[in-house]
Asks: 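I'd like to ask some things about the structure below.
Side chains included, hydrogens not; waters and symmetry mates left out as well; all remaining heavy atoms used. Chain identifiers are assigned alphabetically (A, B, ...) following the order of the sequence lines, protein sequences preceding nucleic acid strands; residue numbering begins at 1 within each chain. Just so it is clear, the model here is predicted, and its values are computed rather than measured.
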Amino acid sequence: MTKLSYVRTEMLPEREPPTSATGVIGWMRQNLFNGWMNSLLTLISLAVIFWLVAGLLPWFWSPTWNAGSLGQCREIIAEAGKQSGACWGVINERWPQMLFGFYPQDLRLRPTLAFFLLFVALIPVLFAMISRRMNWLLLVLVLFAATFFGPGGAVMTVLQIVLGLGLAWLAWTVVATDRADRAAQIKEGVKRLPNPLIFSAAFVFLMPWLLWGGSVWVPVGVALGFVIGWLVFRLLNALIGSLAALILAIVTPVLWWLFLNGLFASAMQAVLPYGLEPVPSRLFGGLLLSVTIGVTAIVISLPMGIMLALGRQSDLLIVKSLSVIFIEFIRGVPLITLLFVASVLLNIFLPPGTNFDIILRVIIMATIFAAAYMAEVVRGGLAALPKGQYEAADALGLDYWKAQRLIIMPQALKISIPGIVSTFIGLFKDTTLVSIIGLLDPIGLSTSIRADTNWNGIVWELYGFVALLFFIFTFSMSRYSMYLERRLRTDHG
Amino acid sequence: MPSQEIERAVDHSRMKVSDTVAIEIRDMNKWYGQFHVLRDINLTVNEGERIVIAGPSGSGKSTLIRCINRLEEHQAGSIIVDGTELSSDLKNVDKVRSEVGMVFQHFNLFPHLTILENCTLAPIWVRKVPRNEAEESAMQYLEKVKIPEQANKYPGQLSGGQQQRVAIARSLCMKPRIMLFDEPTSALDPEMIKEVLDTMIELAEEGMTMLVVTHEMGFAQQVANRVIFMDAGQIVEQNEPTEFFNNPQSDRTKLFLSQIL
């Protein structure tokens, strides 16, 4: 008979874990040498990695940066006494073309500036922890830096001085005031800086203008169209109900853009002429083309996909059927066919003489293609939400749109982040398909560079460079999605 | 059947049933497809009443209170809440919903928002209360349910009982005139049932109109002024609690009480 009764008289204190489970040794034991089989696999893997690096490094390490042709490369490699090596001369000679295509050389500051401003515009959208002050500081910094590469002249000098002073003031306020001070200042009534999202919104219209140039009044008119739509909705919402107001708020700006914007822009141009030298779409190429198509399609496809996903779940039969037909049709067709439709067929359907920009057509096709996928990804997120969330939102008296915006979408999109980012990455890589319809994206350019007699026979260096360019973007997106998932975690910690 | 004993004396001094009608349900019927879930429901609730709805599972008691804020649609009869008839008119529905608070079995807090944001969301977006006012009032209600210190945590970091108390506070922030409780303690550990019931008793003591679907018969005996027993989609018996428990009339009620007490 054992004694069943037991009473603990004192509670045990907390103790350190054994040293074999912590530190470098603990980590290695757990992750690399956990049993003889795993130890063996670790050693084999290390050997394979060593063999790969030892084979590739000498090829990469090739003093051919200044070579002018493949022939010169071969001579240099032979002189160095090597069997084979990379011919980096082609990258050295052609990298500006790989980035900008045939965009006029003296105007390349514009796409470069647009590219850097893109990041400034994205920061307040993507990152929550960067302060307004810091964001405006970055904006002024980019503009200030750009003035040094621009054409000279008195105006530029004045601009430089103004931006320089602004930069100094912003930098001083960032350094001189700490967080607590700033909070106190705000309380005392010192004005906060405006929300940097204002710039992000303006950038939507600024970017096409920087890239394509032309009268400044065209983008202003386009932006005006949105204001008109908003005003129509605000004024008519109370009068004729939200659905009718919404339809009119979409139709009116479209009519404005189609028929009146041109008149508005030319009239304003006559009064206050200001513009940039126009650059036609056929000169766009290289990474510039990929980023233009990719970023625009990414930015538009997400809201469009959300609307389609909501449409597909709608109780309204017509909205639902239209969404389903759109999603199933677009998703069921290869992107290449859509691109061919954009490049060839669309011209047949449009009235003769209409000039519908090829890049715009491609962007539209890439966008609707991605939106169809996005809709299904978002629908997955919506399906994963428990019904109780909808009920709780309803029970509190939130209407459909408020419930979607405040309760449903933040959660559904959070669940869908990996899928959304995969779609983005896929879309960005798919922009290389435009080489098939004759646009000179990095792949299209590589083909033409390889047709040059100097570089005939180059393969790895060019395509490797293209791969690297794309990898930088896609890998950043992937890391960002992981950061976002971590930031939005609310279940513990 | 777990039934928490109410340990403290319940203060009935402020529990007054007024003559004003809060909810009026007339000949209400509801079907799920072919299945007739609610049959000829007639129920009048006056302001200040504390009604416990009991019954076996599948008897339609949850469906009944979910009809009152139109989480479920009824197909025949009428439901009038605070003078507003529930129909397919969304404006009326939203009006009723902002006057009627609801607490769910599974809390249904918004996991992506902090406790404070959960509480201020509806006042800010539905009632258009300024943020700082909404936050002040939310903190008062969180103090009332005894968890002001959790205000900046997320629901996932709280225990079940705490979450349910937040859910109650979230409903109260809309300053509702009627509170609906749909099995508020059924998903909780016994230890936590008590803290939620205590909160509900306090609410009753302040004179709130409450409809509570629950299996907590202790709560029904001490707090309710009327117990409704439902079976097969209809109201089988209703009475004041003492009579209901000591002298049940229908065989169905007797059988139910013998099983759970």
Asks: So, B/N108 side chain and A/G388 main chain: donor-acceptor pair closer than 3.5 Å or not?
Replies: yes
Asks: Should we count CD of B/E149 as having more than 12 external heavy atoms under 6.0 Å?
Replies: yes
Asks: For A/R487, I'd like to know if atom CZ has over 12 heavy atoms of other residues, nucleotides or ligands within 6.0 Å.
Replies: yes
Asks: Does A/R479, at its CZ atom, have more than 12 non-hydrogen atoms belonging to other residues, nucleotides or ligands within less than 6.0 Å?
Replies: no
Asks: Can you confirm whether A/I318 is buried at CD1, in the sense that more than 12 heavy atoms of other residues, nucleotides or ligands lie under 6.0 Å from that atom?
Replies: no
Asks: For A/K414, is it the side chain, the backbone, both, or neither that has a heavy atom closer than 4.5 Å to a heavy atom of chain B?
Replies: neither
Asks: If you tally heavy-atom pairs under 4.5 Å against chain A, which of B/H112, B/M174, B/K95 wins?
Replies: B/H112
Asks: Can you tell which part of B/V96 gets under 4.5 Å to a heavy atom of chain A, answering side chain, backbone, both or neither?
Replies: neither
Asks: Using non-hydrogen atoms and a 4.5 Å limit, figure out which bit of B/R66 sits close to chain A: side chain, backbone, both or neither.
Replies: side chain
Asks: Is B/F104 in contact with chain A via its backbone, its side chain, both, or neither, using a 4.5 Å heavy-atom distance?
Replies: side chain
Asks: For the candidates B/L90, B/T114, B/L121, which exhibits the highest count of non-hydrogen atom pairs separated by less than 4.5 Å from chain A?
Replies: B/L121
Asks: Considering non-hydrogen atoms only, spot the tightest contact between B/M102 and A/A395 and give its length.
Replies: CB-CB, 4.1 Å
Asks: Are A/L396 and B/V126 packed together at the side-chain level, in the sense that at least one heavy-atom pair is separated by less than 4.5 angstrom?
Replies: no
Asks: At their closest point, which heavy atom of A/G397 faces which heavy atom of B/R97, and how far apart are they?
Replies: CA-CB, 3.8 Å
Asks: Using heavy-atom distances under 4.5 Å, tell me whether B/L109 contacts chain A through its side chain, its backbone, both, or neither.
Replies: backbone
